[in-house]
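Beneath this line is the structure, given in structure tokens, with notes to follow.
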Amino acid sequence: MFDSLFTSNPPAAVHPDPLRPLKGVIVGAGQVGLACAYAMMIQNVLDELVLVDINQDKLIGEVMDLEQGMSFVEPTAITAGTMADAAGADVVIITAGAAQKPGETRLELVQKNVEIFKTLIPDIVTHCPEAILLLVSNPVDVLTYTAWKLSGLPQARVLGSGTVLDTGRFRYLLSRRLGIDPRSLHAYIIGEHGDSEVPFWSHANVCGSPLYHDDMATADRQVMDDIFQQTKNAAYEIIRRKGYTNYAVGLAVTQIVQSIVRDQNRVFTVSCVIDEVLGVEDVCLSLPAVVGRQGVSRRLNIVLSAHEQAMLQQSAQTLRNVIDQIRF
């Protein structure tokens, strides 16, 4: 009876060698890459962590700084290296990419990062053919699709951080309004990690009690819309004030990596290739999915309202329009 919850049957159980060290790689040691490294180090997610960046001198300094905190946490072997040093990695986290310049269009930024990926992704696959690829670089949905196309890897093994962070922001803002722990909320943002993202209001709940009702007061609807707008625009506000976002995404990525390497089979709104689901196909966007040692093993068969489904399809079309202009 429970099979209808998912898009496919559960995969065969994975039993990794308990004596083999868990190894991860972060490609790109900017603010986001370093926040991921720091969060994974203090939470003892990996046994080995390799950081890769084109600025070797700065990279060595960052690794030295991390290493000198080892006496305060559980041990992680952190090294500054190249993709050749990443051989045998379980997961490769990609935070590298060009930053958007004033006056530069989103599409121009996408193509610039695609050109970087044309060299980077084959290099990763050469040295880490069995790894799960986790994309964090923005625009994450388009670059996840790009990495999948360039890598030749199965769909399940190429995923993006997607709306995991948006979902976390959404739950935090709702929890602040309700006065409860955000971990006690079940609410998701789906679709694009960006302006066309979709609040999954119809199934948002606290212990099974729905937050949304068709007959709810106009004032309550306005509060809910305000919370969603704050969620969607959070990155813009943070960037306006400090120039970038890094801490929350580092924590979000750490949770995804932990579920992968420890085969926890947790549900996250990661971005992955969608094939004919809810009127969406041949695009990467976020829907609730089971994440474990094999990457994305299953997606949930969620039921959207008619309005939510229309928004999701529009989100997919927005991404498809960008993908169609990429020169792979």
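Note that the structure is predicted; figures quoted are calculated from it, not measured. For reference, positions follow the sequence shown, starting with 1.
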Taking the side chain as every heavy atom from C-beta outward, state whether V198 and I189 have any pair of such atoms under 4.5 Å apart. no

Does some side-chain heavy atom of I274 sit less than 4.5 Å from a side-chain heavy atom of V277? yes

Begin with the C-alpha distance, continue with both residues' side-chain angles, and end with the deciding distance and a verdict on side-chain hydrogen bond (donor to acceptor under 3.5 Å, both in side chains) for Y188 and D166. CA-CA 8 Å; Y188 298 93; D166 307 83; over 6 Å; no

Using side-chain hydrogen bond (donor to acceptor under 3.5 Å, both in side chains), reason through S305 and S202 one step at a time and then give a plain yes or no. CA-CA 7 Å; S305 69; S202 61; 5.0 Å; no

Is L51 reachable from I60 through a run of hydrophobic residues whose side-chain heavy atoms are each under 4.5 Å from the next? no

Would you say the side-chain atoms of N265 pair up with the backbone N or O of V290, donor to acceptor, closer than 3.5 Å? no

Mind checking whether M70 and L66 sit in one hydrophobic cluster, side chains of I, L, V, M, F, W, Y counted as touching below 4.5 Å? yes

Check the hydrophobic clustering (I, L, V, M, F, W, Y; side-chain heavy atoms under 4.5 Å; chains of links allowed) and say if I54 and F117 are grouped together. no

Would you say R169 and Q230 are linked by a side-chain donor-acceptor pair, where the criterion is simply a distance under 3.5 Å? no

Considering non-hydrogen atoms only, spot the tightest contact between F200 and L304 and give its length. CE1-CD2, 3.3 Å

Classify the side-chain pair Q111/E115 by whether it contains a donor and acceptor separated by less than 3.5 Å. yes

Just how far is it from atom CD of E276 to atom CD of E281, taken to the nearest 0.5 Å? 5.0 Å

Quick one: does any side-chain atom of D65 pair with a main-chain N or O of G61 as donor and acceptor, under 3.5 Å? no

Going by atom types alone, do Y236 and D195 pair a side-chain donor with an acceptor below 3.5 Å? yes

Test side-chain hydrogen bond (donor to acceptor under 3.5 Å, both in side chains) applied to R293 and Q264, step by step: CA-CA 8 Å; R293 190 72 180 185; Q264 292 177 334; over 6 Å; no

Could you report the tightest heavy-atom contact between G250 and A39, atom names first, then the distance? O-CB, 3.8 Å

Hey, do the aromatic rings of W201 and F170 have their centres closer than 6.0 Å? yes

Does R320 reach the side chain of D282, with side-chain heavy atoms less than 4.5 Å apart? yes

Apply side-chain contact (heavy atoms from CB on, under 4.5 Å) to the pair D90 and L46, showing each step before the final yes or no. CA-CA 10 Å; D90 298 286; L46 299 164; 5.8 Å; no

Is the closest side-chain heavy-atom distance between V25 and V91 below 4.5 Å? no

Indicate the atoms forming the closest heavy-atom contact of V136 with S161, along with that distance. CA-OG, 3.8 Å

Pairwise distance CD1(I132) to CG(L153) - rounded to 0.5 angstrom: 8.5 Å

Around atom CZ of R183, are there more than 12 heavy atoms of other residues, nucleotides or ligands at under 6.0 Å? no

One should read off an interatomic distance between Y38 OH and Q43 CD, to the nearest 0.5 angstrom, of 10.5 Å

Please report the C-alpha distance between L133 and R157 in whole Å, then the side-chain angles of each, then the deciding distance to 0.1 Å, and finally whether the side-chain contact (heavy atoms from CB on, under 4.5 Å) criterion is met. CA-CA 6 Å; L133 302 192; R157 287 174 49 202; over 6 Å; no

Is there a side-chain contact (heavy atoms from CB on, under 4.5 Å) between V63 and T79? Walk through the geometry before answering. CA-CA 6 Å; V63 169; T79 58; 5.6 Å; no

Within the side chain of D141, is there an N or O that forms a donor-acceptor pair under 3.5 Å with the backbone of E192? no

Value rounded to 0.5 Å, distance of CG in N138 from CG in L109: 8.5 Å

Does V164 offer a backbone N or O that forms a donor-acceptor pair with the side chain of Q255 under 3.5 Å? no

D47 side-chain N/O to L22 backbone N/O, donor-acceptor pair under 3.5 Å: yes

Using only atom types and a distance under 3.5 Å, with no angle test, would you say the side chain of D220 pairs donor to acceptor with the backbone of M216? no

Exam field: side chain N246 to backbone A35, donor-acceptor pair closer than 3.5 Å: no

Side-chain polar contacts of residues 203-212 - donor-acceptor pairs under 3.5 angstrom, sequence neighbours left out - could you list them?
residue : atom : partner : partner atom : Å
N205    : OD1  : G208    : N            : 2.9
N205    : ND2  : H203    : O            : 3.0
Y212    : OH   : R221    : NH1          : 2.9

Taking side chain as C-beta onward, heavy atoms only, is Y145 less than 4.5 Å from V322? no

For residues T76 and M40, determine if any side-chain heavy atom of one lies less than 4.5 Å from a side-chain heavy atom of the other. no

Under 3.5 Å: donor-acceptor pair, side chain of S137, backbone of L143: no

Check for a donor-acceptor pair, side chain of R171 on one end and backbone N or O of H186 on the other, with a separation under 3.5 Å. no

Min side-chain heavy-atom separation I94-I124 under 4.5 Å: yes

So does D181 have more than 12 non-hydrogen atoms from other groups sitting under 6.0 Å from CG? yes

Pair D263, Q294: side-chain N/O donor-acceptor within cut-off below 3.5 Å: no

Quick one: does L285's side chain get under 4.5 Å of L319's, heavy atoms only? yes

Go through it in stages, so that I can follow the logic: the residues are N55 and L59, the test is side-chain contact (heavy atoms from CB on, under 4.5 Å), and I'd like the CA-CA distance, side-chain angles, deciding distance and then a yes or no. CA-CA 6 Å; N55 188 339; L59 177 63; 5.9 Å; no

Between S271 and S286, does any side-chain donor sit less than 3.5 Å from a side-chain acceptor? no

Taking every heavy atom of S259 against every heavy atom of V291, the minimum-distance pair comes out as OG-O, 2.7 Å

Closest approach of T82 to V50 (non-hydrogen atoms, all atoms of both residues): O-CG1, 4.4 Å

In this structure, CD1 of I121 is separated from OG1 of T146 (nearest 0.5 Å) by 8.5 Å

Find out if a path of hydrophobic residues (ILVMFWY) with successive side-chain heavy-atom gaps under 4.5 Å connects L300 to M311. yes

Whether the S196 and S315 side chains hold a donor-acceptor pair (N or O, under 3.5 Å, no angle test) is what I'd like checked. yes

When you group the ILVMFWY residues by side-chain heavy-atom contacts below 4.5 Å and let the links chain together, are F228 and L165 in the same group? no

For residues D226 and Q222, is any side-chain donor paired with an opposing acceptor at under 3.5 Å? yes

For residues L174 and A187, report the shortest heavy-atom separation together with the two atoms involved. CD1-CB, 3.8 Å

Report the distance from atom CD of E197 to atom OG1 of T231, rounding to the nearest 0.5 Å. 7.5 Å

